[in-house]
Amino acid sequence: MRPFRTGQALLPAAFWALFALMIVLFDENPGWVDSTRAYLGAILPLLGGILGAYAVLDDPALEILFSTPVPAWRLLAGRLIPPLAVLAAAAVSFQLFLAALGFDLDILGGVYSLQWTWLVPTLALTGWGAAIALAARHCAGGAMAVGAVWLIQLIARGWFLSQKNGGVFLLFLGIFNPEDARLTANRVFLSVSAVLLLTAAVALFKRQERFL
């Protein structure tokens, strides 16, 4: 899973193949719908957070990287954009695969809305994973923090949905309830959270002496 190496595509590719096989085997409603929701709305954000946690510090040339006169935000962007591009390719190709099989994506809220459904929580968890990994100076710590948030929200999604404002903070609102009236507020909250977390990651990354 080192930056700019093919290893960062192995997990997305493996899960892509797994869920594609599940859809081929269980192509009736709600089988393909549930599998698609799980892959796009839950698995891709989780992978984004894990890849984000390992994107920076898991680099043997980190000291050489710090010696270059490149701003911290550009260095961080150079480490986070490739795995995000891999996840974007996985999401788009998965939807094309479903379309080729003749499935109607409008059941999931429409093609346009579906892109926000996977992209926004993926960015939020990527920022969370990168920020915690840099704060803890440990890739595994960031990955564990991502897994903890992901698992707690997944288990307690019923509670979030039942609370008046709980859905605003739920990573999986768009995939579980695409018609929810709180969806716009949810996407705004997660987008702002992603920006703040990535900003915090840049600030932490500037303190290069912590990582040497």
Side-chain angles (χ1 to χ4, degrees), residues 11-12 14-16 18-19 22-23 26 29-55 80 83-84 87-88 90-91 94-95 105 107-110 113-136 138-201 204:
L11 274 177
F15 278 102
W16 195 105
L18 173 62
F19 279 86
M22 291 170 60
I23 287 175
F26 308 104
N29 288 335
W32 79 268
V33 175
D34 291 340
S35 297
T36 303
R37 283 175 172 167
Y39 180 71
L40 293 177
I43 297 300
L44 286 184
L46 175 63
L47 295 179
I50 293 174
L51 293 175
Y54 279 90
L80 294 179
L84 287 173
L87 295 178
F94 195 79
Q95 293 172 66
L105 295 178
I107 296 175
L108 300 170
S113 179
L114 192 56
Q115 310 318 309
W116 294 106
T117 295
W118 70 263
L119 179 59
V120 173
T122 297
L123 290 175
L125 281 185
T126 299
W128 173 249
I132 296 300
L134 291 170
H138 200 282
C139 298
M144 289 178 63
V146 169
V149 170
W150 183 87
L151 187 59
I152 290 171
Q153 287 224 358
L154 190 62
I155 292 174
R157 66 184 185 277
W159 181 86
F160 280 98
L161 290 171
S162 66
Q163 302 300 307
K164 181 179 180 180
N165 296 316
V168 174
F169 310 104
L170 181 62
L171 288 166
F172 314 111
L173 180 64
I175 205 66
F176 283 121
N177 196 357
E179 304 298 330
D180 197 297
R182 300 166 291 183
L183 188 56
T184 299
N186 170 266
R187 288 173 176 170
V188 170
F189 171 78
L190 292 179
S191 298
V192 172
S193 297
V195 171
L196 292 177
L197 288 168
L198 291 172
T199 301
L204 289 166

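Note that these values count all heavy atoms, side chains included, but never hydrogens, waters or copies made by symmetry.
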Legend entry - Derivation of the side chain to side chain contact (heavy atoms under 4.5 Å, CB included) call for T36 and I175: CA-CA 9 Å; T36 303; I175 205 66; over 6 Å; no
Inset, instruction - Assess whether ring pair (Phe, Tyr, Trp, His ring centres under 6.0 Å) is satisfied between F15 and Y39, documenting all intermediate values. - result: CA-CA 8 Å; F15 278 102; Y39 180 71; 7.6 Å; no
Inset, instruction - Kindly indicate, with the supporting measurements, whether the criterion side chain to side chain contact (heavy atoms under 4.5 Å, CB included) is fulfilled by L114 and L40. - result: CA-CA 9 Å; L114 192 56; L40 293 177; 3.9 Å; yes
Inset, instruction - Please lay out, stage by stage, how F160 and N186 fare under the test side chain to side chain contact (heavy atoms under 4.5 Å, CB included). - result: CA-CA 12 Å; F160 280 98; N186 170 266; over 6 Å; no
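Residues M144 and I132 are not in side-chain contact: their nearest non-hydrogen atoms beyond the backbone lie 4.5 Å or more apart. Contact annotation: the side chain of I23 approaches that of F94 to within less than 4.5 Å [non-hydrogen atoms, C-beta and beyond]. Inter-residue side-chain proximity for L171 and V120 is flagged as unmet; no heavy-atom pair is nearer than 4.5 Å. Side-chain contact between L198 and L80 is present, with at least one heavy-atom pair separated by less than 4.5 Å.
Taking each heavy atom of L105 and Q95 in turn, the nearest pair found is CD1-CB, 4.0 Å. Across all their heavy atoms, A53 and A143 have their closest contact at CB-N, 3.5 Å. For P45 against G41, the heavy-atom pair with the smallest separation is CG-O, 3.4 Å. When all heavy atoms of L87 and P12 are compared, the closest pair comes out as CD2-CG, 3.7 Å. When every heavy atom of G174 is checked against every heavy atom of L183, the shortest pair comes out as CA-CD1, 3.6 Å. In terms of heavy-atom proximity, A133 sits nearest to C139 at CB-CA, 4.3 Å.
Judged purely by atom type and a 3.5 angstrom limit, W128 uses its side chain to pair as donor or acceptor with the backbone of A145. Distance alone, capped at 3.5 Å, is enough to place a donor-acceptor pair between the T126 side chain and the G48 backbone. When atom types are taken as modelled, the side chain of R157 and the backbone of L154 share a donor-acceptor pair closer than 3.5 angstrom. For the pair R182 (side chain) and V168 (backbone), a donor-acceptor distance under 3.5 Å is absent.
Between atom CG of residue D34 and atom CZ of residue F176 there is a gap of 9.0 Å, rounded to the nearest 0.5 Å. Considering CH2 of W32 and CZ of R37, their distance stands at 9.0 Å, rounded to 0.5 Å. Here the CG-CG distance, from L11 to L47, works out to 6.0 Å after rounding to the nearest 0.5 Å. F169 contributes atom CZ, which lies 9.0 Å from atom OG of S193 (distance to the nearest 0.5 angstrom). We find the CG-CG distance between L125 and L197 to be 9.0 Å, quoted to the nearest 0.5 Å.
When only modelled atom types and interatomic distance are considered, W118 and Q115 share a side-chain donor-acceptor pair under 3.5 Å.
Between W150 and F172, the two ring planes are perpendicular [angle over 60°; tilted spans 30° to 60°].
Between R187 and the choices L173, V192, T117, the side-chain contact (heavy atoms from CB on, under 4.5 Å) rule is met once, by T117.
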